[in-house]
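Working notes, beginning with the structure itself.
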Amino acid sequence: MGKIRKTYNATFKKKAVDLYLKEGMGYKAVAKELGISHSMVRRWVKRYEQEGIQGLEEKRGKAKGPNKGRPRTRPEDPETKIKRLETEVEMLKKLLKR
């Protein structure tokens, strides 16, 4: 399974950005202060400068509209589906005979 990622809310991210932009602290100093990676601080500052507060909002899992995001399952080919359903029917018939 994949690595579990810690997510931070926009308020926390804004605090990190403010420490960097308003307080004049460096990326590493902000990171040490908040207990996070300096690369995260750099990424948040960059996004904030480009998109404003919207850049700090969580974007994962927010895909909307048709054909966006990862499909739930692979579509089953018709022959495989027929075989699976026939097997299911046979199993159900056996259960009903009991």
Side-chain angles (χ1 to χ4, degrees):
M1 238 163 80
K3 202 166 143 180
I4 297 176
R5 295 183 179 195
K6 175 115 172 80
T7 57
Y8 300 95
N9 63 24
T11 307
F12 182 84
K13 293 176 185 180
K14 180 72 167 94
K15 179 180 176 182
V17 169
D18 286 344
L19 287 173
Y20 177 79
L21 294 175
K22 293 181 181 173
E23 302 297 323
M25 296 173 72
Y27 292 124
K28 289 185 179 182
V30 173
K32 190 173 185 180
E33 173 95 12
L34 299 175
I36 57 176
S37 165
H38 70 277
S39 62
M40 290 171 88
V41 178
R42 185 181 305 123
R43 183 173 42 239
W44 295 344
V45 168
K46 183 180 175 184
R47 286 185 185 161
Y48 181 77
E49 290 175 336
Q50 291 174 347
E51 305 173 37
I53 196 73
Q54 258 74 35
L56 301 179
E57 295 293 326
E58 181 61 45
K59 293 179 178 80
R60 287 184 285 169
K62 306 266 182 177
K64 292 182 179 162
N67 301 322
K68 298 247 177 161
R70 193 168 112 193
R72 293 179 186 257
T73 58
R74 251 191 202 147
E76 201 173 12
D77 85 59
E79 293 169 2
T80 306
K81 186 175 182 177
I82 290 170
K83 287 179 184 176
R84 181 181 56 81
L85 291 172
E86 286 174 343
T87 305
E88 204 172 297
V89 167
E90 290 302 316
M91 183 181 74
L92 291 170
K93 282 180 182 177
K94 287 178 183 176
L95 285 173
L96 287 174
K97 287 182 181 178
R98 289 183 177 185

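In this chain, numbering begins with 1 at the start of the sequence shown.
Side-chain contact between Glu23 and Val30: absent, with no pair of heavy atoms (C-beta onward) separated by less than 4.5 Å. Taking the side chain as every heavy atom from C-beta outward, Thr87 and Met91 never approach each other to under 4.5 Å. Contact check for Tyr20 versus Val17: no side-chain heavy atoms found under the 4.5 Å cut-off. At least one side-chain heavy atom of Leu19 sits less than 4.5 Å from a side-chain heavy atom of Leu34.
Atoms CD and CG, from Glu90 and Leu85 in turn, are 12.0 Å apart once rounded to the nearest 0.5 Å. In this structure, Thr11 OG1 and Lys13 NZ are separated by 10.5 Å, a value rounded to the nearest 0.5 Å. If you take CZ on Phe12 and CD1 on Ile36, they are separated by 4.5 Å, rounding to the nearest 0.5 Å. Taking NZ from Lys93 and CG from Leu95, the interatomic distance works out to 13.0 Å, rounded to the nearest 0.5 Å.
Residues meeting the salt bridge (Lys or Arg N to Asp or Glu O under 4.0 Å) test with Lys46, sequence neighbours left out: none. Applying the salt bridge (Lys or Arg N to Asp or Glu O under 4.0 Å) test to Arg84 and every residue at least two apart in sequence or in another chain returns Glu76, Glu88.
Residue pairs meeting the side-chain hydrogen bond (donor to acceptor under 3.5 Å, both in side chains) criterion with at least one partner in residues 36-45, sequence neighbours excluded, are Ser37-Ser39.
Within 6.0 Å of NZ in Lys28 there are 12 or fewer heavy atoms belonging to other residues, nucleotides or ligands.
What you find for Asp77 and Glu79 is that their closest heavy atoms are OD1-N, 2.9 Å.
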